[in-house]
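Below is one structure; the comments refer to it alone.
Every heavy atom of this structure was used, including side-chain atoms; hydrogens, water molecules and symmetry mates were not. Keep in mind that this is a model prediction, so the values were computed, not measured. Every chain is numbered from 1 and lettered A, B, ... according to where its sequence line falls, protein lines coming before strand lines.
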Amino acid sequence: MNAQKITRSLLREAGIGVALLLLSVVFIFFAPNFATFANLRNIFTQISINTVIAIGMTFVILLAGIDLSVGSVLALCAVVAGLIISNPSLPVGVAILLSILSSVAIGMVCGLFNGFVSERWKIASFVVTLGMLNIARGLALEVSHSRTIFMFPKAFTMAGDLTLLGIPFIFLIAVTLVVLAHFILSKTVFGRLIYAIGNNEEAVRLSGHNPMKYKIIAFVICGATVGIAAIMYMMRLQIASPILGVGFELSAIAAVVIGGTSMLGGKGSLIGTFLGACIIGVLNNGLLLIGLGDFARQIITGFIIILAVILDTYRYRLSKALST
Amino acid sequence: MNAQKITRSLLREAGIGVALLLLSVVFIFFAPNFATFANLRNIFTQISINTVIAIGMTFVILLAGIDLSVGSVLALCAVVAGLIISNPSLPVGVAILLSILSSVAIGMVCGLFNGFVSERWKIASFVVTLGMLNIARGLALEVSHSRTIFMFPKAFTMAGDLTLLGIPFIFLIAVTLVVLAHFILSKTVFGRLIYAIGNNEEAVRLSGHNPMKYKIIAFVICGATVGIAAIMYMMRLQIASPILGVGFELSAIAAVVIGGTSMLGGKGSLIGTFLGACIIGVLNNGLLLIGLGDFARQIITGFIIILAVILDTYRYRLSKALST
Amino acid sequence: SAQAKKKPVVGLVMKSLANEFFKQMEEGAVAFAKKDGSFELIPVGMNSESDIDTQINAMDNFIAKKVNVIVVAPADSVGMVAAVKRAVDAGIIVVNFDVTLNKEAMKNAGLPADFLFVGVDNAEGAEIVGDHLGKTIGKGGKVFIIEGNPGADNANQRKEGFMRSVKKYNLNVLSSTTAHWETEEANTVVTNLLTKYPSVKGIMCANDSMVLGAVRALDAAGRKDVQVVGFDNILPVQDLIKRGKCLATIDQFGPDLASNGIRAGLRMLKGEKLTGWQKTPLRLVTKADFK
Amino acid sequence: MNMIEFHSVTVQFTGVKALSQVDLNIEKGEVHVLVGENGAGKSTLIKLLSGVHTPTEGSILFDGHPFTPTTPRDAIKAGIRVVYQELNLLPYLSVAENIFFERLPQKHGLVDFKKLYADTEVHLQEVGLEVSPQTPVEHLSIAQMQLVEIAKALSSDSKLVVFDEPTASLTPREIDRLFVLIKNLRKKGVTIIYISHRLQEFIEIGDRITILRNGTKVGTWGIRDLTTDEIVKQMIGKDIGSGYPYRNDVVPGEVVLSVQNLAYMGGPATGVSFAVRRGEILGIGGLIGAGRTETMRALFGADPKRGGRVLLDGKEITIDSPLDAVNHGICLLTEDRKNQGLILDMSCAANTTITNLRRVSRFGILDKSAERKVSEQYVRELAIKTSSIDQLARNLSGGNQQKIVLAKWLFRSARIIILDGPTRGIDVGAKFEIYTLIGELAAAGKSVIIVSSEMPELLGICQRILVFSKGTLAGELHRSEFSQEAVLSLAYKAYLTVPRQTIGKDAPQ
Ligand SMILES: Nc1ncnc2c1ncn2[C@@H]1O[C@H](COP(=O)(O)OP(=O)(O)OP(=O)(O)O)[C@@H](O)[C@H]1O
Ligand SMILES: Nc1ncnc2c1ncn2[C@@H]1O[C@H](COP(=O)(O)OP(=O)(O)OP(=O)(O)O)[C@@H](O)[C@H]1O
Ligand SMILES: [Mg+2]
Ligand SMILES: [Mg+2]
């Protein structure tokens, strides 16, 4: 009974996992060095940042919203954090702590702005976050004078290369956040309300809750994950540049949607989002290892994204076929 | 009675028009040369292409879909049309006709793919068109060997500089298409069904219609407008480049959404879309003329987009204030 | 003020100011305008490097504004030609800098073949730094080329320059892949390529932003035996060169580039006739420069 | 002692005065019945209590204190629970979460799912809904959803519970159970406002009755101070004949549609077989979840079939989509008007003509004046109460929305008309009109199939009744054999032969 339930719920959420599996199998055969430990570690590192942003994006999309500003806000967070951390007049420990806090705080403030404005005036979050996309990018360029910031303390950059049992530290952060957020969404009252509002906001309102509050919080959460992602980025690349993050919103939304979350809200899961991010990462990695030309790679990427999601629609049949 | 009705319906659709008006007034005072005839002509030219793409996008968004591939498809259409039109072995007339036809046809085929795949397997159009974004871009680069194509016949490029009573030819095309599409959406059975499906697809299906058909057609229409926009682009810039159109999807969607069309479908108008495109065009032009720094310009652009839409929410109060 | 109005107006059409290379260039131009004081400068940047559209709009807006001189760094060597022709027809002096307009397109549009161009030879720069890499890793060395945006002119020219070095030193190009000028993408691409081709000895990046990503990829893989070269000489890369993590880059004296163009424009405004390619200097930057 | 006092309350919408100078006292601990024609203002009155609407004029006292709720939260805090006429559930969430999501049981800050499901079981049993607490609500039928709404309202302690047409889609079994619950609540001193169009029902349960007409109060009486005829007369301002307008003069002709072993997905594989004749009014009875709706939807092509054949005029036809069905002259009025019947944010006119746009267009271009004419005609014929035909369907009262759905199918003028719960939420006067209309359709040679949970209605107007039980056809009754008992015993037939299951699709309802 219970085992059956778990399988069923896994297949419901993890339909896209089948696509991921198939893709991996193909690459194991055709992409040299794909199935090496070192390469696996690379993939882990490469999907970490997108995964973290996609976590926040999942909250927003579950509420039928969208956040286009994540890439720009990431740049703004990184630039400010970079200026703080590379400030030689601060003690290293203080600088690191302060930069992490300020990055998360800036992300949250931007999220608050997005959430508050779109809820207060009932404006499509597409427009508000499009505005924020411009505002945050402009600010990031202004603050940094469009210079790349570098020379971070060793104690900080070390973290970027840190591994635990061979698993990159930043991937561990990402996985921890996935687990935490999955837990919040599936087990807490807050999480259930997120789903409820995404399902039928009017019904929630009639039941005496204030959907506005939760929607704003979702944007703030999204901002916070962006702030964290900015720090991870800085650990990984040891720079902070105002032009980074262009197009990140598309990757993050893609991870969420490929993972099965409906853009109309109320339906979806974080496990799906994580698998979506994995698909994108594995695809980028595997196709490069196969050694295709740039253009062919781009074309094939397009087809595989579509195929993966088509495959997902056949998961019921597939799950039956696999179980017999 | 009737005049009252018209005013009311204009204010309903054209709430964003008030924002456009205010913006223009500000620029007339603060942006040197803004209110010159030459500049007005520039604005017309500059908004034409976005307007045409946004027309097709309006159909798709009214059906709660999205088309992220417009920019890439535009490049693909342009590149193929460019290869045909610059082919010296074809008679000029034939080359021009053939290139226009093929551009529109390619746009429609891409749209058909988007529509068919997303409807046949009930996949989020976000994912399908994200795939197409990659596919079309890759194809465009492949087909053109990533070279910019030029040397178009005089007869063709002339059209780019053509004006009628001082109004640029390509703007006339855009306006004609706006009027035509507005007519289709507001006066025909097809348009009525588009709105109905966007509102409640299930109810329409149960009323004995085939929503799938209409949804696919909407994507094909969107592709056709992209094909037309590609030709307009070639007239204007006298080149066809595989890297053009990056980010066009965002501008087109922005025009639609700023114009008041809901991303959840069923609500909106083409007049709104047109005004949305105008806002974006006037904003870009006016801020440039004021002569602000780039970053400040970007920040202000962000704020004004948000403000314009906030203003729109006050249109009822505004309309009252204006009428007394 | 009335006095300011009499000063000639110079419109500067830049590429993306988000790129620090162009930002420095713009700052150089602004500083020059301030010091010189004889003209009014209106600089305009774009949203991204491939944003031809905004550039054309900016050109048209300058024409509408009837500025005296336009100094332009084209985002597309062909796409900008028509707009330049419009400006020239409107009686505006146009100086082409940084990226040269396409000769064939100019001919086609009716612009003279010896139309003034102020700028460096990108191919030559790439060749210089490529040669330095070739010398360092030796004949037959295995390399990656990390390209700029496919379709972008300077990307094409730099690749062409690299290929000349490749030929000279008989280098073995394992992969030539784009990272769209971006740090993050370069990091991902190089990381993955290292997995595929562990035997690589050198990496040629078409700009310095990508060097940053490539060097981090080598760090993460614990590779100290791979030499990286870049282009643009941005500060963080100078730091990397000092620390021996990057072999060399090319300095195009960015801050002076736009000012050189403006100077040429002002001279033409006074009636001088300038034509052809006014090459601006290039310099190889290596660790030796920081001793 | 009064629980609620309305003092000359007026509610003005754009174009409509929904309530005008209404004074009303609800005593503590009584069951107060509120009746009136469709659009009389009953739901509006209720929504004043829950903070959905605010009075344009007048004031409300709750428990002796001024009461000005601005959000539903204020009302809930004050101890007021409302079962709204239109369902407001969360389709993708489970039954349990729907019932409890305002105050999910928690343990260490987390949702205590164990307790949640256990508590839900109790409430489901109370209302007689036997589905698993974990079932997503989107899988339930309208009637089952209605029960979830009721369970939700009853799951918390409150001072005042309002039922706005809770029984519109329930069968006698659930209704009886609901009445037991209401009586228990009253014993505990809870005040109840009960809105319904079913006379027998509210006479059984109510203490006092208030009649609204056109937004004004006609009066308040003790429930036994008025006869049913008087109530109807006060409600609609005129007498209507008692009983049903059964057309003796219509004799069914040849078989038009015949269905053989039609089985729906998830139902028994053998399916059902039946035939409908020209000019016949065929009733379909059964308990909730008996598979009536599912069978009709399969027939209409709204859902995929599991198997079976459909013959029209003796020739086999394939129906894979509603489009096919409509093209063959078959139409279906769905039971869920809000999600499947109406386009809420479009006008009455657009909703009416959507089934037959060809008739109001030329060369694909809409003829708006023809559309006006059609729409106005139905507004007149069905006495639809709306400020104009341009009014959004969303802004109509529940009963009037139902009339729009009916109008849209009448406009299609199909040969075979399947009506699933056609009079849900429609007032007594209008019901009579609708029965008359159905009689006229039959007389004109159309075949009408009526699925209904309101037994008197089936017994009143049908020539023949098919009774479904657990997805199969339990039996057929001709007019001479009609009786409540006969229908009920057939309805229970399939459930009596197998042991009762507590969870799953086959659970008896
Ligand atoms: N939001 C609104 N905007 C405009 N008119 C409205 C709105 N809500 C209700 N009305 C109108 O107010 C009137 C009263 O509606 P109400 O829903 O209270 O009727 P009701 O008595 O509940 O009828 P029914 O028995 O059909 O449910 C109707 O004419 C309706 O069209
Ligand atoms: N345990 C259950 N889980 C999910 N769905 C159920 C369950 N029991 C019944 N159903 C649903 O009940 C419905 C079958 O009843 P259907 O609506 O066809 O019956 P009906 O006779 O028309 O009754 P109703 O009066 O409810 O409309 C189907 O939608 C079926 O999916
Ligand atoms: Mg009502
Ligand atoms: Mg039913």
Which portion of D:Phe363 sits near chain B, non-hydrogen atoms under 4.5 angstrom: neither
Name the region of B:Ile184, side chain, backbone, both or neither, that has any atom closer than 4.5 Å to a heavy atom of chain D. neither
Considering only heavy-atom distances, could you tabulate the donor-acceptor pairs under 3.5 Å between chain B and chain D?
from	atom 1	to	atom 2	distance (Å)
B:Ser186	O	D:Lys368	NZ	3.0
B:Lys187	O	D:Leu366	N	2.7
B:Val189	N	D:Gly364	O	2.9
B:Arg192	NH1	D:Glu371	OE2	2.7
B:Arg192	NH2	D:Glu371	OE1	3.1
B:Asn200	ND2	D:Asn339	O	3.0
B:Asn200	ND2	D:Leu342	O	2.9
B:Arg205	NH1	D:Ala302	O	3.2
B:Arg205	NH2	D:Ala302	O	2.7
B:Ser207	OG	D:Lys408	NZ	2.9
B:His209	NE2	D:Ile354	O	2.7

Is it the side chain or the backbone of D:Ala325 that comes within 4.5 Å of chain B heavy atoms, both, or neither? neither
When heavy-atom pairs shorter than 4.5 Å are enumerated against chain B, which of D:Val360, D:Val326, D:Ile354, D:Leu333 gives the highest number? D:Ile354
Correct closest heavy-atom pair for B:Ala203 and D:Ile343 would be CB-CG1, 4.2 Å
Heavy-atom closest contact (D:Ile365 atom, B:Phe183 atom, distance): CD1-CZ, 3.9 Å
If you take all heavy atoms of D:Leu323 and B:Gly208, which pair is closest and at what distance? CD1-O, 2.9 Å
In terms of heavy-atom proximity below 4.5 Å to chain B, should D:Leu342 be classed as side chain, backbone, both, or neither? backbone
Set of side chain to side chain contact (heavy atoms under 4.5 Å, CB included) partners for B:Ala277, sequence neighbours left out: B:Asn50, B:Thr51, B:Ala255
